[in-house]
Amino acid sequence: MTKGTAKAKQVKGKMKETLGKAIGDKSTQKHGLGEQLRGKAQEIAHKTADQYRKRTGH
């Protein structure tokens, strides 16, 4: 998964969360929040891996 994919997952999750709020659907809202968090975790993992590669030369 790429950095762009992780960011896209965050945006998609935000859209789901907003939709859930708008229609009063707590399930959709929670799923959207979960998707945002997964995307953020993936983004952090990519950043950490990049920093590791820069420092170690691998």
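Worth knowing before you read on, the calculation uses all heavy atoms, side chains too, and leaves out hydrogens, waters and symmetry mates. Since the structure is predicted, the reported quantities are computational estimates derived from the model, not experimental observations.
- The two residues Arg38 and His31 have their closest heavy-atom pair at NH2-O, 4.3 Å.
- For the atom pair OG1 of Thr48 and CD of Glu43, the computed distance is 10.5 Å after rounding to the nearest 0.5 Å.
- A salt bridge is defined here as a Lys NZ or Arg NE, NH1 or NH2 lying under 4.0 Å from an Asp or Glu carboxylate O, and Lys47 with Asp50 fails to meet this definition.
- Distance check: Gln42 CD to Leu37 CG gives 11.5 Å after rounding to the nearest 0.5 Å.
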### Task
Start with the C-alpha distance between Thr18 and Lys14, add both sets of side-chain angles, then the distance that settles side chain to side chain contact (heavy atoms under 4.5 Å, CB included), and finish with yes or no.
CA-CA 6 Å; Thr18 302; Lys14 184 63 176 175; 4.2 Å; yes
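- The side-chain hydrogen bond (donor to acceptor under 3.5 Å, both in side chains) test with Gln36 singles out one residue from Gln10, Glu17, Lys9, Lys12, and that residue is Glu17.
- Here the shortest heavy-atom pairing between Thr28 and Lys16 reads CG2-O, 3.4 Å.
- In this structure, NZ on Lys21 lies 9.0 Å from NZ on Lys26, to the nearest 0.5 angstrom.
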